[in-house]
Amino acid sequence: MKFSNVIKSPLEIKVDALAVFVFKNEKLPEQYDDIDKKVEGYLRRIIEKQEFLGNEGEIYIVDTLEKLPSEKIFLVGLGEKDDFIPDVIRRVAATIIKKAKALNLGDYAIFPPKFLDMSPSKMAQYLIEGSIMGSYEFNIYKSENVKKNPIERIFLLWDKEAELKEANSGIRIGRAVADAVNYARDLGNHPANVMTPSMLASEALKLSEAYEKINTKVFDLDEAVKMGMHAFYAVAKGSNEPAKFIVIEYNMEKDDLPLYALAGKGITFDSGGLSLKTSEGMMWMKYDMCGAAAVLGVIKAIAELDLPIRLVGVIAATENMPSGTATKPGDIVKSYSGVTIEILNTDAEGRLTLADALGYVSKNYKPKVILDLATLTGACVIALGNYATGLFTKDDTLAEKLIKAGEESWDRVWRLPIWKEYYEQIKSDFADVKNIGGRPAGAITAAAFLSKFIVGDIPWAHLDIAGTAFSDKECGYIQKGATGAGIRLIVQFLMNELNE
Ligand code: BES
Ligand code: ZN
Ligand code: ZN
């Protein structure tokens, strides 16, 4: 699928469809008067007669009967004017492309609304993001009835050179971000028999082949153990699938650039281990590596955009399985950071693997900021549902920046506290900490646990994406399955950091 910003009149362009936009209960915007004249006031009439209401995502299709070079007009609803937020642009872009695909169109043009308070750059970026994310499909395992995406090109129409230039920068960002989201969705959607820790490692290696500035190192489990990663080992030792500790670096030799670090939970399947999950609880657990997928996605997007920062991502990738060699509740291990852990529930495994990933990256890289992404707790899903990622940090400035980036990218976060009182719940009778803190505030005690493993005084935030990383419903640009949560958020955060 290609995107072209062009300076061209909608009266001249010849495409299969031309998309124009209207708010609910509002008249046809003046911007579209010329088009409406060509079709003899038809657009205005169907709005007046309330055949088209303008609800968000509603599309009314008008055949131009050759009164315009384009075959059809898509009249697209933006919803209530007072409720408008920029994310509506992503969502309607997704509905447009879905409709165009259903109609087997080859190309279409969008005449972006100028009656909104949005720059051409943001407008183009959000249109592209919505189109790419909204047209995502994952059907490689289906043997038949798979239609190819027929859309070859989407045109964005502008009338000034300055607008076009701005829009081009928006397209570049939108394309990089949305491609990274779909890439991470693919990683998440592959079943656990395909997306093994070795496969995750080879995906990280592929990124370093595709981008010169990316460099990947993969450590086997015995090397990880030699380095002192006994918390990671405690999870990995029950599985027959070889575990991998993945380190992926971007721009690392440019040591004058600020360094940021990401850690991703990479459990390619979470059965719970000996603290076995129910069948129902296990059903979604191929998605337990979505944090790792997001880390790879962010690095891919940043490399694509060639951002002048340094970035390191770490992933302790393994399955969590029950077996004769699996960790037993009550086992005690020493983490990479030196903190000892009493493992009372083997299903609280993400925090064990992250403990060593966070220990490793904080000790060896000393970054400016560390962010981790993890499908960490069912408790976070109970607290926030599917619309907000849980944000946990002791650093108020970092919290504010992430909340802002979340609002901008509409990959939203909601902050929960990690007050010192919560640490009582993870005190162990026999080790420094235990890996469960009881039912109250389960998402918070998990974050409190992670905080123990950061070596040194580095600003750190934990993002619990358990409720946002995958979806059982299709809605706007969210497709069923992995969503790519966290990628738009972190790319936006890193871009904002550059403008500080
Ligand atoms: N991977 C799960 C968390 C999860 C649950 C992610 C639902 C997505 C959807 C995690 O490893 C887990 O099992 N956590 C336990 C922790 C408990 C044993 C303290 C949980 O949330 O029940
Ligand atoms: Zn678990
Ligand atoms: Zn898990």
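When a ligand or atom number is given, it counts from 1 through the structure's own listing order.
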With backbone taken as N, CA, C and O and side chain as the heavy atoms from C-beta onward, which portion of [X] lies under 4.0 Å from ligand 1: side chain, backbone, both, or neither?
| X | result |
| --- | --- |
| L376 | backbone |
| D288 | side chain |
| M289 | neither |
| R351 | side chain |

With atoms numbered from 1 as shown, which atoms in ligand 1 lie under 4.0 angstrom from a non-hydrogen atom of [X]?
| X | result |
| --- | --- |
| A466 | 6 (C), 8 (C) |
| T375 | 1 (N), 2 (C), 3 (C), 6 (C) |
| N345 | 18 (C) |

Checklist line | Stepwise ring-ring contact (aromatic ring centres under 6.0 Å, His included) test for F138 and H190 | finding: CA-CA 9 Å; F138 187 77; H190 277 295; 5.1 Å; yes
Mind checking whether [X] has an N or O less than 3.5 Å away from an N or O of ligand 1?
| X | answer |
| --- | --- |
| T377 | no |
| A348 | no |
| K277 | yes |

Margin query: Minimum distance, heavy atoms only, to atom 8 (C) of ligand 1: which one of M285, E349, R439 is it?
Written below: M285
Note to self: Which option wins on minimum heavy-atom distance to atom 19 (C) of ligand 1: T468, D347, I436, I465?
What the structure shows: I436
Check: Which residue owns the protein heavy atom closest to atom 20 (C) of ligand 1, what's the atom, and how far is it?
Finding: G378 N, 3.8 Å
Checklist line | Residue and atom name of the nearest protein heavy atom (relative to atom 2 (C) of ligand 1), distance in Å to one decimal | finding: D270 OD2, 3.5 Å
Checklist line | Note: K480-E474 ion pair, threshold 4.0 Å (strictly below) | finding: no
Check: So, are K265 and D288 salt-bridged, with charged N and O less than 4.0 Å apart?
Finding: yes
Notebook entry, point to check: Hey, is atom 22 (O) of ligand 1 under 4.0 Å from any protein heavy atom?
Noted result: no
Of the non-hydrogen atoms in [X] and [Y], which two are nearest, and what is the gap between them?
| X | Y | result |
| --- | --- | --- |
| E342 | A431 | N-CB, 3.7 Å |
| G272 | N320 | C-ND2, 3.3 Å |
| L358 | I370 | CD2-CG2, 3.8 Å |

Check: Backbone or side chain, does K265 get an N/O/S atom under 2.8 Å to the Zn ion (ligand 3)?
Finding: yes
Notebook entry, point to check: Going by the angle between their ring planes, with limits at 30° and 60°, are F470 and Y287 parallel, tilted or perpendicular?
Noted result: parallel
Item checked: For the Zn ion (ligand 3): the N/O/S atom of D288 at shortest distance -> OD2
Next item on the list: Step by step, work out the ring-ring contact (aromatic ring centres under 6.0 Å, His included) result for Y423 and F449.
Entry: CA-CA 8 Å; Y423 286 83; F449 178 92; over 10 Å; no
Next item on the list: Tell me, please, whether W414 has R412 positioned over its six-membered ring: NZ or CZ under 6.0 Å from the ring centre and within 45 degrees of its axis?
Entry: no
Notebook entry, point to check: Which atom, among the N/O/S set of E349, is closest to the Zn ion (ligand 2)?
Noted result: OE1
Next item on the list: Of all N, O or S atoms in D270, identify the one at the shortest distance from the Zn ion (ligand 2).
Entry: OD2
Next item on the list: Report yes or no: does D347 have an N/O/S atom closer than 2.8 Å to the Zn ion (ligand 2)?
Entry: yes
Next item on the list: Could you tell me if the ring centre of Y336 sits under 6.0 Å from that of F453?
Entry: no
Next item on the list: Mind running side-chain contact (heavy atoms from CB on, under 4.5 Å) on M199 and T268 for me, showing each step along the way?
Entry: CA-CA 10 Å; M199 196 59 148; T268 59; over 6 Å; no
Item checked: Side-chain donor or acceptor of N364 paired with backbone N/O of Y360 under 3.5 Å -> yes
